[in-house]
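The structure appears below as structure tokens.
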Amino acid sequence: MADCIFCKIVAGQIPSARVYEDATKLAFMDIGPIQPGHVLLIPKAHFERLTDLPAEVAADLAACLPRLARAVVAAARADGFNLMQTNGTCAGQSVAHVHFHIIPRRNDDGYRFHWQPTAYKPGEMESWRAKIAAEVVRAQA
Ligand code: AMP
Ligand code: ZN
């Protein structure tokens, strides 16, 4: 994609701080880290959202995540990490090339996601369960 910043990174047209790459995927430092050591993993091919990925591309990326997360945690001497993935501007996606955030976390880092659980009314969760279960059957693998 000509105007995609991550495609330009893959092509070497703009700089990136690469930590891992192979024929199909690339991991590099996020320039706006939530915490120091924040890494992004992307497929080299352009896909906008997770839902656009063929199963084999998704599997290839997923297989790399534990190794990459172990590396980030070890390098940062972190106590844990967040795996984040955004799809659509409504969900905070600012770069329209699918990417996984690996963010090292420490017990004392003081960072909090704005995560406010709500509650279902009686019967509401079952209604959602049924709708989603039906869509899972309809959706292509
Ligand atoms: P998201 O907001 O989930 O789409 O994440 C996009 C991420 O890409 C943000 O965390 C940005 O800091 C990061 N980012 C944008 N441009 C670059 C770049 N040129 N090099 C490295 N990371 C970038
Ligand atoms: Zn792209």
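Side-chain atoms are counted along with the backbone in the values below, which use heavy atoms only and exclude waters and symmetry mates. Start at 1 and go down the list; that is how both ligands and their atoms are numbered.
Listed for the Asp60 side chain is no donor-acceptor partner under 3.5 Å among the backbone atoms of Val57. A donor-acceptor contact shorter than 3.5 Å links the side chain of His99 to the backbone of His97. With hydrogens and angles ignored, the 3.5 Å screen pairs no side-chain donor or acceptor of Glu135 with any backbone N or O of Ile132. Judged by distance alone, with hydrogens and angles left aside, the side-chain atoms of Gln93 form a donor-acceptor pair with the main-chain N or O of Glu48 at under 3.5 Å. Under the 3.5 Å distance criterion, the side-chain polar atoms of Asn82 are left unmatched by any main-chain donor or acceptor of Met84. A distance-only check finds a donor-acceptor pair linking the side chain of Arg106 to the backbone of Arg77 [under 3.5 Å].
Counting heavy atoms closer than 4.0 Å to ligand 1, residue Phe6 contributes side-chain atoms (C-beta onward) but none from N, CA, C or O. Residue His101 touches ligand 1 through its side chain alone, judged by heavy-atom distances below 4.0 Å. At a heavy-atom distance under 4.0 Å, atoms from both the backbone and the side chain of Ile31 approach ligand 1.
Counting only heavy atoms of the protein, atom 3 (O) of ligand 1 lies nearest to Thr86 OG1, 2.6 Å.
No N or O atom of His38 sits closer than 3.5 Å to an N or O atom of ligand 1. Distances between N or O atoms of Ile14 and those of ligand 1 include no value under 3.5 Å. Considering backbone and side-chain atoms together, Leu40 places no N or O closer than 3.5 Å to any N or O of ligand 1. Between Ile5 and ligand 1, no N or O atom pair is found at a separation short of 3.5 Å. The shortest N or O to N or O distance between Gln93 and ligand 1 is not under 3.5 Å.
Looking at Ile42, Val95, Asp30, Asn87 and measuring to atom 7 (C) of ligand 1, the nearest heavy atom belongs to Asp30.
Pairing each heavy atom of Cys64 with each of Lys25, the nearest pair is CB-CE, 3.6 Å.
Short contacts between ligand 1 and Ser94, defined as distances under 4.0 Å to a heavy atom of the residue, involve ligand atoms 1 (P), 2 (O), 4 (O), 5 (O), 6 (C). Near Gly32, with a cut-off below 4.0 Å to any heavy atom, the atoms of ligand 1 are 12 (O). Numbered from 1 in the order shown, with element, the atoms of ligand 1 that lie under 4.0 Å from a heavy atom of Phe28 read 21 (C), 22 (N).
For Cys7 atom SG and Cys4 atom SG, the angle they make at the Zn ion (ligand 2) is roughly 120°, to 10 degrees. The Zn ion (ligand 2) forms the vertex of an angle spanning ND1 of His46 and ND1 of His97; to the nearest 10 degrees it equals 110°.
Heavy atoms of Gly92 approach ligand 1 to within less than 4.0 angstrom. Under a 4.0 angstrom heavy-atom cut-off, Gln85 registers as lying outside contact with ligand 1. Judged by the shortest distance from any of its heavy atoms, Ile9 lies inside the 4.0 Å radius around the atoms of ligand 1. In this structure, His99 is part of the shell of residues with a heavy atom less than 4.0 angstrom from ligand 1.
Look at Arg105 and Asp79 and you find no salt bridge, because none of the NZ, NE, NH1 or NH2 atoms lies under 4.0 Å from a carboxylate O.
Distance check, rounded to the nearest 0.5 Å: CD1 of Ile102 to CD of Gln35 gives 15.0 Å.
In this structure, Met125 places its CE atom where only 12 or fewer heavy-atom neighbours from other residues, nucleotides or ligands lie under 6.0 Å away.
Under the 6.0 Å cut-off for aromatic ring centres, Phe6 and Phe28 qualify, their centroids lying closer than that.
For the pair His101/Leu83, no side-chain contact is recorded, criterion being any heavy-atom separation below 4.5 Å from C-beta on.
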